[in-house]
Amino acid sequence: MEPKNRISDNALKVWRITGFFTSLFGWVITIAVAVLTYFFDWPNLIWAALVIMSIAHTYLFIFLIPSIRWKRWRYEVRESEIEIQSGLIIIKRTLVPMSRVQHVDTKQGPVLRRYDLATVVVSTAATSHEIPALDTAEADDIRYFISTLAKVEEEDV
Amino acid sequence: MSEPKRLHPVAAVSHSLRTLKEAILPIIIFFVFGGNRDSKWDFIELYLAPVVLITIFALGVLSWMRFTYRIEEGELRLESGVFIRKKRYIRFERIQSIDVSEGILQRLFGLVQLKVETAGSSGADQADAVLSAITKQEADEIMLVLSEEKKRRLMDLNDIDEADGESEREIPHRVFQMPFKELFLMAATSGGVGVVFSGAMAFFSQFEEMIPYKRIFKGLGQFVQTGILFIILAVIAGLLIAYIIATAGIVMKYAFFTVKKTEDELIISRGLMERRQLTIPLKKIQGIRITENIIRQPLGFASVIVEYAGGSVMDKENSQVMLFPLIKKGRVALLLKEFVPEFETGEGMAELPQRAFLRYLFRQWIIVLPVVAGCLLFLRPWGYAAILLLPLSAGWAYLCYRSGGWSITGDQLLLRYRFLSQETLFVKKRRIQVLESNNSWFQGRKQLATISATIKSGLGPRAGRVVDLELQDAEDIKQWFSLKR
């Protein structure tokens, strides 16, 4: 049984925008190499390979990967534990008991802010886990909910 | 014991020496490159040197004078600082372990260094308190007060424990000592030789760039013919020496290894030149790990390691403490029962299903096959030897596959897996920070899954991870861990 909540629809847009910028970077290099090839008579093979790589990169990071990732991402915050599911090819499911949570943060970068989203970060004594791109209001609710429930017993760490 | 106390004056000296050691590099650089011989500032460093030295020692003395410690209201209270006054109060409940060691300087004066470790906070030096030079008697007093205070607090908190406490008191305190034979065997079979050897290799490769071996050898063609034997012998001799050094180092480190168990603490002491003593409250133990490396496993020996939530950034080796550095596999169950009765070593363990082996093999060969193919194509005739890699890696895959296993007894999860050594990790449900399961598409087709449980060890995580167990088993483990009703 999968965790029941999905992350915000806007997450898809955010990931596509990030993907767009990384592939833009790839294209800049490709075009630069193409121009240099023109002037210095480099073998055509190099820029041709780069063009193919850039096209593949663009397709993967703007279209394919964000949508698979979005479909996989699920989470559920219960009173006793937090369950997170993520992954691309390998599906990872994480179970964090509420009594192990040390603290909880929300964070927001410029792109997330643009879409009114925030990422929740849950930290235990040894590890930390993210739930990316939730609506800010929901993220705040979750942060508040977790912080009231999380209390690590003194002795256990 | 509430009036503030100072450390032994030796602390002032050792503190200055430490500062000097840290400052020595900049000072040397200044001396070598700093002076401009032609100017009127000629030899200014000669005048400056005594000033620097005196300043360092004066600061050492001052910081010794400022440093006081006392025990008050269930806290260890330290005050220090020459320019900036620092007060550090550590609650007894927060103390993870007490580490007593004797350096050479301390030994001369019959002193010890006492280090109190708390669960690591963010800063490197914030983590613990160090009393660098106190008499043995004072150290014993502090430890006594700490343990008594703790006990009293426990009694106050819950009277239920009393019944348990009494039955525990009947058990005499256990002592484990490592015999010399096993100490030697442990040193000889440890991987320490690898470290020394790679160090030596790095050293020699430095020379390779400086010495024009090729030019030398060209002129001495005749010599090289006989020389190859010489070189091989030299390499073997070098390896042997590295091996002996590594072994001797470990013998020194673990000599007189002793574990004592009191009511609620383990006291581990070891060392030939530098004695170290470490006290771990049983309550702070996060898990137990049994590790069998590839040389020791066929000999039937294992090491037992305590994972506990203490240690600081500076002192990495302390976060995983050897409980029994080397014991016969058959004795593990009995000794664990005596020293850490919380953990159960049941016999039954679920192993991996047969179809998992193909996945282990696949993961090995996907790396090995291209290598072998490359060797066959480009490195003939010697490349044919690469075919040997196939059965070898298959054998390794089989070993990894055989190691995989898990079991649940009550609130304890046991995971067995192999990375290089075979590891068996015992964890209690309430100590597990995170439980993770992974399913890839390939695993899903074969109804397999990967499970990993993470506990806190030292400052970081320690994960036990079993790859390719039955999907249903993974679900069962998750069900066992989940608190969902």
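Letters A, B, ... are given to chains in the order of the sequence lines, protein chains preceding strands, and every chain is numbered from 1.
Using a 4.5 Å cut-off on side-chain heavy atoms (C-beta onward), R430(B) and R100(A) make contact. Side-chain contact between L95(A) and S482(B) is present, with at least one heavy-atom pair separated by less than 4.5 Å.
Nearest heavy-atom pair, V96(A) versus Q433(B), reported as atom, atom and distance to 0.1 Å: CG1-O, 3.9 Å. For the pair I90(A) and S440(B), the tightest heavy-atom approach, listed with the atom from each and the gap, is CG1-CB, 3.6 Å.
F442(B) CZ: 12 or fewer foreign heavy atoms inside a 6.0 Å radius. Applying the 6.0 Å contact sphere to OH of Y89(B) captures more than 12 heavy atoms from other residues, nucleotides or ligands. No more than 12 heavy-atom neighbours from other residues, nucleotides or ligands sit within 6.0 angstrom of CH2 on W47(A). In this structure, R114(A) places its CZ atom where only 12 or fewer heavy-atom neighbours from other residues, nucleotides or ligands lie under 6.0 Å away.
Both the backbone and the side chain of S437(B) come within contact range of chain A, each with at least one heavy atom under 4.5 Å from a heavy atom of that chain. Heavy-atom distances place the side chain of T127(A), and not its backbone, under 4.5 Å from chain B.
When K478(B), Q443(B), E436(B) are compared by the number of non-hydrogen pairs under 4.5 Å with chain A, E436(B) comes out ahead.
Here N439(B) contributes atom CG and Q85(A) contributes atom CD; the two are 8.5 Å apart, rounded to the nearest 0.5 Å. One finds the CD1 atom of I451(B) at 10.0 Å from the CZ atom of R93(A) (value rounded to the nearest 0.5 Å).
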